[in-house]
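A short worksheet on the structure shown next.
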Protein chains: 2
Amino acid sequence: MAPPEETDPRPARLSRRRLLGYTAVGVGGAVAGAGSALAATQDAPPPVDAVGTRTVAFHGPHQAGVTTPAQARAVFAGLDLRDGVGAEAIGRLLRLWTQDAAALTAGRPATADPAPTLAERPAGLTVTFGFGPGLFDAIGRPDAVPAGFVPAPTFPIDRLLPRWSDGDLLVQVCADDSIAAAHAVRVLLVGARPFATVRWQQSGFLPHAGVAPGTTPRNLMGQLDGTANPTENDGLDDVVWSREGWLAGGTTMILRRIRMDLDEWDRVPPPEQEQAIGRRLSDGAPLTGGREHDPADFSRRDHHGLVIPADAHIRRARPHHGQDRILRRGYSYDDGVDTDGNPDAGLLFASYQASFHRQFLPVQRRLAALDALNTWTTPVGSAVFAIPPGCEPGGWIGQTLLESAADGP
Amino acid sequence: MAPPEETDPRPARLSRRRLLGYTAVGVGGAVAGAGSALAATQDAPPPVDAVGTRTVAFHGPHQAGVTTPAQARAVFAGLDLRDGVGAEAIGRLLRLWTQDAAALTAGRPATADPAPTLAERPAGLTVTFGFGPGLFDAIGRPDAVPAGFVPAPTFPIDRLLPRWSDGDLLVQVCADDSIAAAHAVRVLLVGARPFATVRWQQSGFLPHAGVAPGTTPRNLMGQLDGTANPTENDGLDDVVWSREGWLAGGTTMILRRIRMDLDEWDRVPPPEQEQAIGRRLSDGAPLTGGREHDPADFSRRDHHGLVIPADAHIRRARPHHGQDRILRRGYSYDDGVDTDGNPDAGLLFASYQASFHRQFLPVQRRLAALDALNTWTTPVGSAVFAIPPGCEPGGWIGQTLLESAADGP
């Protein structure tokens, strides 16, 4: 396999697109985080097919797909490195992946793209790469593993299946179109074949573009999910982006597949459902009143006791001392029925935080110990990944870790 | 289980919606077939969330979801009747299903909806019910089975798995939003529990709303798929809607799960890929020239022989004597990797035709005998259903068959 060229082909191809009658139009707004600067290319006549031609910048200090406003479709793939694949080979894979992701997210075919026409409408495609604990062993850099990753975190509530857990590499693909996402995943996984095998692949959904703009999405339990997320004006960058060592500009991520027992949940009267979450089902406002984004009054009592019960999800999940905040970017999944005929649906819970052990682990330990929602949810998969920082044209994802490790530990 | 009321609750609920500030706005265009008249309700400000609030009429001479322009997401569920469930019980189920489908497609919660908020944005939801061969046995009406359904059609190319085949009842749910579709499927399948078990459930995708409007969708092989479909001005109604007996105003449907060997397909040079289909990959035009919708010249030869080869898909699939036309409404599926790590992706091929044995079977026999695409495709599931006609408010789907059968054969 020849090493891919490291030059960025964008300027030449953009010129070709212009010759073919495309126009590149910058579109403002709808950008949630630093580093996720949004650009859009539109065919005439805009905005009829603007969903398809929208692009999200690949290059920058951070990888896209983390603070980028969540697209309608996500596919997550976890890969296992083949035996003997070390730092040098992983570097070659990441150069190839970087080049292909930069092309696909801009609406151009990847290197040796098997279906170039499927690359024409990226629909806000983002590609995000991550490193599991095993990768650090493979490159001889156990010192570089983010704190809290090893031993792998498991909790008393977990019923983890190997089928949905662990992995040395993550490919996260999000887009506002299922075909754009499927094509990108296919291209990237085929490119990885000499280096790694696919351990699992799972996909989820949020409201499609144009369905419920500007609102917090609902999960399959009917709850607004993500209300308490940090925003750009409320510490988003500090919550998400690491400043430490090779991971500076990157983050840590955990993906937990949380199966929902919707049959049992549906039998719970709505007032009890609301007490389990601590918010109203109708509009997501705290049970102590106000609107969705108003603060909850966790001390308020009525004649029944605490208005937001001791085991309510929002009480257990709320940050302590402001440190343990996370960015959740969950996607619902509905995989139909399993081989026993039981519904297989729930939430692909993805959480991003600068420090895994200072931010995520305390929250998750509290929830595992006590959370009313645990009655109707079962974590069946879990995988942790370091998300390296972004790169500029000419660079590649993972460079900050791998170039320092290429000579061995 | 109490029998559901047969009254249609729409007028009262529409009034309630108006009181809550909704306005109902009729939107023209984008309607492909008789009986699929399109209405839309929009919250202010249109058209920002018009994808979510769009509705497709449920009532009419035909069920929606057949000639309705295909939405972005489809979920198909096949159910087996429980032992002892006969015409009377099936009639109760279909009254309930009719009432729930009428509500959900209008953006209202179903009877005993477990998550009413998930019903608020139907996103062009359609629900289509079908009857498999076993249902006719259960009601003692083997005489009413559409011709060609029994024995179940299998072809030499088929490698059918029970996991994806057969079924006594079909629920087909399509919408421009995955959450709207998931919610409707959940409600309808829970409602069916006293009567039937879920045999299989499969979901697929087409371009999301706003991604590639007005274009023929591409499948995962990169081909434009559906170019030769009948249109409203080109015999659509005659192709699709039956005029015979209880099925008058209905149709027949076959759903085939066709797994694609994309790895092998990707190794085929594009010119050979084009010869396999008989069309250009870039724009779908026949290899004999012109544009996508221009007729192919099947007799033209060059120095290599026939320009559109003898085994090209479009040569084998084209109608003979104008009779054997079908309406295909295929959805791509990408279910990740199977337990052996192999990609599980392909096409949920749904075909609708007034006469199964006069229209579908001749086409499929020709394709099974010779079709270049068979090299890279394997049918792994197959199920046939009679799609009853639509109903007016106060009626119910299946009435034309079941009311005549309720007293036994």
Side-chain angles (χ1 to χ4, degrees), chain A residues 47-53 72-73 75 77 114-118 121 123 163 176-183 185-186 189-190 197-203 205-215 217-218 220-222 262-263 265-267 281-282 332 334-337 339 341 343 345, chain B residues 47-53 72-73 75 77 114-118 121 123 163 176-183 185-186 189-190 197-203 205-215 217-218 220-222 262-263 265-267 281-282 332 334-337 339 341 343 345:
Chain A
V48 179
D49 63 352
V51 177
T53 51
R73 175 88 168 177
V75 184
T117 54
L118 297 183
R121 295 171 185 278
R163 168 102 182 79
D176 277 328
D177 186 53
S178 298
I179 293 165
H183 177 251
V185 170
R186 172 176 160 205
L189 295 188
V190 168
T197 56
V198 179
R199 183 178 176 88
W200 47 259
Q201 182 177 326
Q202 20 190 347
S203 59
F205 50 83
L206 284 172
H208 291 206
V211 168
T215 66
R218 291 185 186 272
L220 293 178
M221 285 177 154
L262 293 174
D263 286 352
W265 174 254
D266 291 349
R267 294 192 181 100
L281 287 166
S282 60
S332 293
D334 179 5
D335 285 354
V337 289
T339 48
Chain B
V48 178
D49 64 352
V51 176
T53 52
R73 174 88 168 176
V75 183
T117 54
L118 297 183
R121 295 170 186 277
R163 169 103 180 79
D176 276 328
D177 186 52
S178 298
I179 293 164
H183 177 252
V185 170
R186 172 177 161 204
L189 295 188
V190 167
T197 57
V198 179
R199 183 178 176 88
W200 46 257
Q201 183 177 327
Q202 20 191 348
S203 60
F205 49 81
L206 284 172
H208 292 205
V211 168
T215 67
R218 291 184 185 274
L220 293 178
M221 285 177 154
L262 292 174
D263 286 352
W265 173 254
D266 291 349
R267 296 192 181 100
L281 287 166
S282 60
S332 294
D334 179 6
D335 285 355
V337 288
T339 48

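By convention in this document, chain letters (A, B, ...) are assigned in the order of the sequence lines, proteins followed by strands, and residues within each chain are numbered from 1.
Closest of all the heavy-atom pairs between Arg73(A) and Phe205(B) is NH2-CE2, 4.1 Å. In plain terms, the two heavy atoms of Ser178(B) and His208(A) that are nearest each other are OG-NE2, 2.8 Å. Nearest heavy-atom pair across Gly222(B) and Thr117(A) is O-OG1, 3.6 Å.
The contact between Ala212(B) and chain A is made by backbone and side chain atoms together, counting heavy-atom distances below 4.5 Å. For a residue to count as touching a neighbouring chain, one of its non-hydrogen atoms must lie under 4.5 Å from one of that chain's; by this rule Arg218(B) touches chain A with backbone and side chain alike. For Ser332(B), no part lies under 4.5 angstrom from a heavy atom of chain A. Proximity to chain B (any heavy atom under 4.5 Å) is restricted, for Leu206(A), to the backbone atoms N, CA, C and O. Only the backbone of Leu281(A) comes within contact range of chain B, with heavy atoms under 4.5 Å apart. Both the backbone and the side chain of Asp177(B) come within less than 4.5 Å of a heavy atom in chain A. No part of Ala345(A) comes within reach of chain B, as not one of its non-hydrogen atoms sits under 4.5 angstrom from that chain. Pro343(A) touches chain B through its side chain: at least one heavy atom from C-beta onward sits under 4.5 Å away, while N, CA, C and O do not. With a threshold of 4.5 angstrom between heavy atoms, Asp263(A) approaches chain B through side-chain atoms but not through N, CA, C or O. With a 4.5 angstrom heavy-atom cutoff, Ala180(B) does not touch chain A via any of its atoms. Contacts of Thr197(A) with chain B are absent, with no heavy-atom separation under 4.5 Å from either backbone or side chain.
If you tally non-hydrogen atom pairs under 4.5 Å between each of Asp335(A), Val75(A), Leu262(A) and chain B, the highest count goes to Leu262(A). The candidate with the highest count of non-hydrogen atom pairs below 4.5 Å against chain A, out of Val198(B), Val190(B), Val185(B), Val337(B), is Val337(B). With respect to chain B, the highest number of heavy-atom pairs below 4.5 Å among Pro217(A), Pro114(A), Pro116(A), Ala72(A) belongs to Pro114(A).
His183(B) contributes atom NE2, which lies 5.0 Å from atom CG of Leu118(B) (distance to the nearest 0.5 angstrom). Arg121(B) contributes atom CZ, which lies 5.5 Å from atom OG1 of Thr215(A) (distance to the nearest 0.5 angstrom). To the nearest 0.5 Å, atom CG of residue Leu189(A) and atom CD of residue Gln201(A) are 6.0 Å apart.
A salt bridge is defined here as a Lys NZ or Arg NE, NH1 or NH2 lying under 4.0 Å from an Asp or Glu carboxylate O, and Asp266(A) with Arg186(B) meets this definition.
Residues Arg267(A) and Trp265(A) have side chains not in contact (no heavy-atom distance under 4.5 Å, counting atoms from C-beta outward).
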